[in-house]
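The structure presented is a predicted model; accordingly, all values stated were derived computationally and were not measured. Per chain, numbering begins at 1; letters A, B, ... match sequence-line order.
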2 protein chains.
Amino acid sequence: MRSARLPRVTLAEQVRDFLVLEIAQGRIPPGTPLRELEIAEQLGTSQTPVREAFRALAALGLLESRIHVGTRVREVAEQDLVDAVPVRSALEGVAGRLAAPRMKGEGQELRAAFDAMLHVAASGDRLAYADASTQFHRSIVQAARNESLLRAWNALGIEVMTIMTMASTDVPLEVAAESHREVLEALESGDPEQAEQLLAHHVAEYLPGRLQVERHADDGRTEPATA
Amino acid sequence: MRSARLPRVTLAEQVRDFLVLEIAQGRIPPGTPLRELEIAEQLGTSQTPVREAFRALAALGLLESRIHVGTRVREVAEQDLVDAVPVRSALEGVAGRLAAPRMKGEGQELRAAFDAMLHVAASGDRLAYADASTQFHRSIVQAARNESLLRAWNALGIEVMTIMTMASTDVPLEVAAESHREVLEALESGDPEQAEQLLAHHVAEYLPGRLQVERHADDGRTEPATA
DNA sequence: ATTCTATGCATTATCGATAATGCTTGCTAC
DNA sequence: GTAGCAAGCATTATCGATAATGCATAGAAT
């Protein structure tokens, strides 16, 4: 969002990002209890920034805290990937609808994000690809110029989910990246209907194989997912 | 959510709720700068819980913070009411779709929430009505049993919005309450399609008169709103 | 054996104080 | 008069220490 702009300074944010990566990449497995003071010591900070990071991650559903008892990494992170599908689909559909008219003609930022995604896909770095993909989708949501929408979307924690998904699927990056092209074009053409449709569908496109199976029991209208 | 169950203990939560009411009811007008230490002194706590409350409210979009500079009440709370309409509509539509099959037959909790709403509407207490209405809608979102959905919905800060809406509209409470009946019935009947439709539409039903005007410039598919 | 109760312990929640930051104002140089 | 710089100030960000809480365990009573 402001990634390169401001140096992302606070310790709390650094701690948060550290934990996100540790958890998303499986170095801290689900169920692990996290103690504020322990993490603080480990990172050389005081309890305060760690506590703040815990709160932020709990809001994303990555941790769960019980007051006066403790915090641990949530077990169900995988179910979340599945749950998120219809929600993301709905939200990004709205985003497409609202963003399309504003994009007509000037999708510079979005196209830049798309190009970055293609570029990074060629490099084979799945983590970097996750970043690029997240940035692409966030650009769309931001283009809708709707604070509520952005907030709801952020609450889903797409960054983390995308990282986790990329880590557990083996879809070739080029294919994944290429699948964004029609979305980009629909937005650039400025057609709200088509943008909504394509985005809602696209978001439901890839899901790690293992998860695809469980999916069908559940929703019934949207299809598979990643992005 | 757990309102009566656990006593909602932490100071941070109390501070948060205090601020929500002050802001929602206009006793702290938009634009007001809030200083952590000042609020702390005013409430007889230390800076820490206040800081935590600030963060939570910033996440809801009620405050905006700039690092090392300060925090103030967001100006645009009113625009948010408008922005939230298509987002809420989409989210609650999904909620209805997912919740309906689970509710078939046993909508006890939801019906209880509905009855509470009717009851409180008769009393004329608009603040209490806002609570009841929020509880009704939250029940539906919870019934969908989808963590991501609940998180996204919570991120919208419906409680606050409903309080603010009720404060600035003059729709008779009985009418507002009654309008939930068909939603309830659709859910009890267990039909996902109909529940989705009705909810998405219902959510877009009431908006304070002053705001209705601005609305039409903006979205184009969903209609007016409160709930 | 089972339930109740008291006590200790692990952990968070809160506190008061200090460090760090960014804004602003006033000065200086041109 | 204006641009650049420096010092002071308001405010947050962080720290280290203490208070409060809930859980678990062990013992007593039945």
- Task: Do nucleotides 13-21 of chain C as a string where each nucleotide becomes B, S or -: B if the base has a protein heavy atom under 4.0 Å, S if just the sugar-phosphate does, - if no protein is that close.
- Result: BBB-B--BS

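Evaluation of the salt bridge (Lys or Arg N to Asp or Glu O under 4.0 Å) rule for E147(A) yields R151(A) as partners, not counting sequence neighbours.
Nucleotide dT11(C) holds its C1' atom 14 Å from the CD1 atom of I39(A), rounded to whole Å. The distance between atom CZ of F54(B) and atom P of dT11(D), rounded to the nearest whole Å, is 12 Å.
In this structure, F114(A) and F136(A) have tilted ring planes: the angle between them lies in the 30° to 60° band.
Sequence neighbours left out, the pairs with a member in residues 154-169 of chain A that pass salt bridge (Lys or Arg N to Asp or Glu O under 4.0 Å) are R138(A)-E159(A).
Annotation: the span from R35(B) atom CZ to T32(B) atom OG1 amounts to 10.0 Å, rounded to 0.5 Å.
A salt bridge is defined here as a Lys NZ or Arg NE, NH1 or NH2 lying under 4.0 Å from an Asp or Glu carboxylate O, and R145(B) with D83(A) fails to meet this definition.
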